Amino acid sequence: MPLIIATVLAIRFPFMPTKFIPAISLETYGYYDFPFCSQDSKVHADKMLDGNHLVLTPYKIQFLVEKQFQLLCKKTLSKTDVSKFRSVIKKDYNILFYHDYLPFPASVGRVDMDHSEEIIQTEYFLYSHYNFEFVHHNNTVIGVFLQVDPSNMVNVTEDMETDVQFTYSIKWFVAPDSYDKRMEEHINHSRVQPESVVFFFSIVNSSFTILILVVCLLIFYIRVLRRDISKYACDVEDAETAENQEQAGWKNIHGDVFRFPKHKSLFAAALGSGTQLLILIVAILMLGAVDNFQPHIPGVFTNSLAIVYAFTSMISGYTSTSFYHQMEGTRLRKNVLLTGGLYSGPLLLTFIVTNTVAVSYGSTAALPLGEIIKLSLLWMFLALPLLILGVVIGKNNASDFQAPCRTAKCPKEVPQSRWYKGVVPHMVLAGCYPFSVIIIQISYILDAFWGYKIYTSYDSMLIMLFLLLITTALVSVIMTYFQLADQDHEWWWRSFLCGGSTGLYVYAYSIYHSLHLLEMNDFVQTAFFFGYLACVGYGIFLALGTVGFYASLLFVRYLYASIKCD
């Protein structure tokens, strides 16, 4: 949405900053929170969900009119103003300008260090002059570049009143490229570019991991499982055969393996939320793969994410309710409340905490009241009704649970096993393989999301997601068999936890990434990083946990359908 103001002889293109951003951070502040030149009215041009609260700046640009050292304003910086500028220069903050959604950053100043003496002398300088270079084609601006002028700086090392003149220059250049290609250079410059060799290596590594799992499963099936199935493929009422059979292993728990798990409402809600989040991830990646997300437009991704999440609420309600009825659940109201709040509840809590922190620090990352109201209305009048609609459809179309074996009236006691067969060791082992598939992609995504870069390789992310789902399913099946072979029939929750443990690995790697590869020294950055990445890891946990359970369910049904049970 270009903001164009018509004049008598030319067209004036006002700049829209915008905000202050550190080099790697989600800590953003308003342009007019700092003592720059201001216009008469500080007009807010736009507000987005990602902290891009754009305001108009006083730079006056006329089409094809060049300027040299045009005076913007003269100011006398107070001690407080000097201290503010020195603080943002020290932390390497930038100003992010926008022109017709073309973003271009500008450095506030620079730090000079003198190592000639025993004590290092540090000086801070504020840039007072910017050179704007406009590239146009057919009377249309297709590119904007900004350069600082090191010869025009003001020393802000000491807290003392300082006079400064802010000036700017404008140059115009003609380019052969058309308007349709105006974003390509910017995107290519700012996007995270995975090297083709690295991406090829990640694909080969993931495919090799899956191949190893498939080969191990085939060997195990041919040498062990098929033999057990053929041995148990007889009627257990045949006394003579039953005496010769060794009543141990997974066959011995056929009367308990389809016993419904504890906490049915929570389990069904987890499946419903996980299914919704999995479809949400696939939908977002597919929309990105067909170029529905224009990365240069601020907030387009976060706004789309909120809308798609609201629309997929019906899937959550339907999946949770239908499976809850299959498990013969009777507390439908509790199930609906858990389904609606299992993921959105922690997300809302995280938002309240981070937004409060941002407001207290004066950061533009805090969502304004108007945007909060819009999100509330989106949830109340779209997400919630669709959730209830899904619950109604799921209740009316619920079928009986398909179990090839009868469930005994009295459950067998689960035998005590060694420590390495417990839930936690299984989760640690189960999450390791799927995480190795996506570790390179996670690194690139973190660099993009927390470094104000653009990562648009949606096709590669779809490929890695496909490989991740296959790996998660295979690992969950293996873990489930080992559990059943140990005569532990409580596999329902275990398969979900093992499948979702990859989300815990993602969050743990995010912590490592923040400590070793990012520079976060402020509480706002830390709160946003660990808060929202916890929500991301939790969402991955629910989505992959659902994949792990359904893969295990198909395997268990196949396994016990191949034998004769009473």
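This one's a predicted model, so the numbers in the text were calculated from it and none came from an experiment. When reading the values below, keep in mind they use all heavy atoms of this one structure, side chains included, and skip hydrogens, waters and symmetry mates.
Trp379 places no side-chain N or O within donor-acceptor distance of the main-chain N or O of Ser344, the cut-off being under 3.5 Å. Using modelled atom types, one side-chain atom of Ser501 and one backbone atom of Gly431 make a donor-acceptor pair closer than 3.5 Å. With Ser320 contributing its side chain and Gly317 its backbone, the two residues share no donor-acceptor pair below 3.5 Å. Between the side chain of Gln276 and the backbone N or O of Tyr309, at least one donor-acceptor pair lies under 3.5 Å.
Judged by the 6.0 Å distance and 45° axis criteria, Arg557 is positioned over the aromatic ring of Phe401.
The number of heavy-atom neighbours closer than 6.0 Å to CZ of Phe466, taken from other residues, nucleotides and ligands shown, is 12 or below. Shown here is Tyr433, whose OH atom has no more than 12 heavy atoms of other residues, nucleotides or ligands within 6.0 Å. For Asp400, the CG atom sits in a loose shell: 12 or fewer heavy atoms of surrounding residues, nucleotides or ligands are nearer than 6.0 Å.
Residues His426 and Arg494 bring a donor and an acceptor atom of their side chains to less than 3.5 Å of each other. For the residue pair Thr354 and Tyr532, a side-chain donor N or O sits within less than 3.5 Å of a side-chain acceptor on the partner. Side-chain contact of Asn252 with Lys412: a donor-acceptor pair under 3.5 Å is present, judged by distance alone.
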Next on the checklist: With ring pair (Phe, Tyr, Trp, His ring centres under 6.0 Å) as the criterion, how do Tyr507 and Tyr538 come out once you've worked through the C-alpha distance, each side chain's angles and the decisive distance to 0.1 Å?
Outcome noted: CA-CA 8 Å; Tyr507 188 60; Tyr538 179 49; over 10 Å; no
Checklist entry - Can Tyr505 and Phe541 be said to form a ring pair (Phe, Tyr, Trp, His ring centres under 6.0 Å), step by step? => result CA-CA 9 Å; Tyr505 273 86; Phe541 173 82; over 10 Å; no
Item to check | Trp491 and Phe549: CA distance, side-chain angles, deciding distance, ring pair (Phe, Tyr, Trp, His ring centres under 6.0 Å) verdict | outcome: CA-CA 9 Å; Trp491 61 273; Phe549 167 73; 5.8 Å; yes
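Atom CE of Met286 is separated from atom CD1 of Ile279 by 11.5 Å, given to the nearest 0.5 angstrom. Between atom CD1 of residue Ile284 and atom CG of residue Leu305 there is a gap of 5.0 Å, rounded to the nearest 0.5 Å. Note that the CD1 atom of Ile210 and the OG1 atom of Thr471 stand 3.5 Å from one another [nearest 0.5 Å]. Here the OG1 atom belonging to Thr339 is positioned 11.5 Å from the NZ atom belonging to Lys334, to the nearest 0.5 angstrom.
Of all heavy-atom pairs spanning Asp256 and Pro411, the tightest one is OD1-CA, 3.0 Å. Of all heavy-atom pairs between Ala269 and Asn335, the closest is N-ND2, 3.9 Å.
Below 30°, between 30° and 60°, or above 60°: for Tyr481 and Phe555 the angle between ring planes is above 60°, a perpendicular geometry.
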